[in-house]
Amino acid sequence: MATNARIRLLQGLALLATGLLAGAFGYGAANLVPTFNAVPLDMRLSFHAELMKMNGITMQAAMAVSILSSLALAAFTRGRARLVAGSAGMLALTSFLTTRFGNVPINGRIKEWARTSAPADHAEVLRRWELFNDLRTLTAVAAFVLLIALSLGQQKVFSPGCHIGPARRVSAVRTTR
């Protein structure tokens, strides 16, 4: 497969995975969190615990594909495209690390509270969960925006040996006489 075709496939995969990630986190921040805050605490805890069972596999997969495809795209490109794709990969990695070391430990506590009862400081712990959720949402959206910008700035015509770069880089296109 030609290098340009690989790059376009990687770029499509990075856009898809990162868009799904940003969309899922965005939906959660815009709709689930306000709903969590509007219902009684015992309902929130039960629903939250069940939701995290379902989200575990799908969100981890989306984060992994987003990170790996963005970093692979960075490895196959050069110049500004490499910087943008690498930055998107690092932002997706930040979403993963925030989830793994911020939200997941709190999710474990919430799961326990759903079976027993919430401690006196539950409001502070839930507020921290929401801060971590906001951070991972912002980093996922920022990664997606970078990949969109990269895609929109691409050359429309690819030629052999041409690496993805800004549309104004005419020197990257080979010409024959």
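- Within 6.0 Å of CZ in Arg100 there are 12 or fewer heavy atoms belonging to other residues, nucleotides or ligands.
- The shortest distance between side-chain heavy atoms of Asn107 and Lys111 does not fall below 4.5 Å.
- Residue Met52 places its CE atom among more than 12 non-hydrogen atoms of other residues, nucleotides or ligands, all under 6.0 Å distant.
- Contact check for Arg44 versus Leu126: side-chain heavy atoms found under the 4.5 Å cut-off.
- Follow the hydrophobic side-chain contacts under 4.5 Å out from Phe132 and you never reach Ile67; the two are in separate clusters.
- Connection of Ile57 to Leu16 is not established within any shared hydrophobic cluster, with ILVMFWY side chains joined at heavy-atom distances below 4.5 Å, either directly or through further cluster members.
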side-chain hydrogen bond (donor to acceptor under 3.5 Å, both in side chains) evaluation trace for Thr77 with Arg82: CA-CA 5 Å; Thr77 57; Arg82 176 174 282 169; 4.9 Å; no

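- Hydrophobic clustering (side-chain heavy atoms under 4.5 Å, transitive across Ile, Leu, Val, Met, Phe, Trp, Tyr) keeps Leu68 apart from Leu20.
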With side-chain hydrogen bond (donor to acceptor under 3.5 Å, both in side chains) as the criterion, how do Ser66 and Thr18 come out once you've worked through the C-alpha distance, each side chain's angles and the decisive distance to 0.1 Å? CA-CA 5 Å; Ser66 176; Thr18 308; 2.6 Å; yes

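- Remark: Met90 CE to Leu93 CG distance equals 5.0 Å, nearest 0.5 Å.
- Hydrophobic clustering (ILVMFWY, side-chain heavy atoms < 4.5 Å, transitive): Leu21 and Leu13 are in distinct clusters.
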Could you go through Arg115 and Glu112, starting from their C-alpha distance and side-chain angles, then the distance that decides it, and tell me whether this counts as salt bridge (charged side-chain N to carboxylate O under 4.0 Å, His left out)? CA-CA 5 Å; Arg115 287 190 305 254; Glu112 181 62 32; 2.4 Å; yes

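- Leu138 and Val141 sit in two unconnected hydrophobic clusters of ILVMFWY residues. Membership requires side-chain heavy atoms under 4.5 Å apart, directly or through other members.
- Taking the side chain as every heavy atom from C-beta outward, Phe47 and Leu32 approach each other to under 4.5 Å.
- Put simply, the side chain of Trp113 reaches to within 4.5 Å of the side chain of Val125, judged on heavy atoms.
- Checked by atom type, the side-chain pair Asn37/Glu130 shows a donor-acceptor distance below 3.5 Å.
- Between Met43 and Phe36, the closest side-chain pair of non-hydrogen atoms is not below 4.5 Å.
- Proximity of Trp129 to His48: side-chain heavy atoms (C-beta onward) are separated by under 4.5 Å at one or more points.
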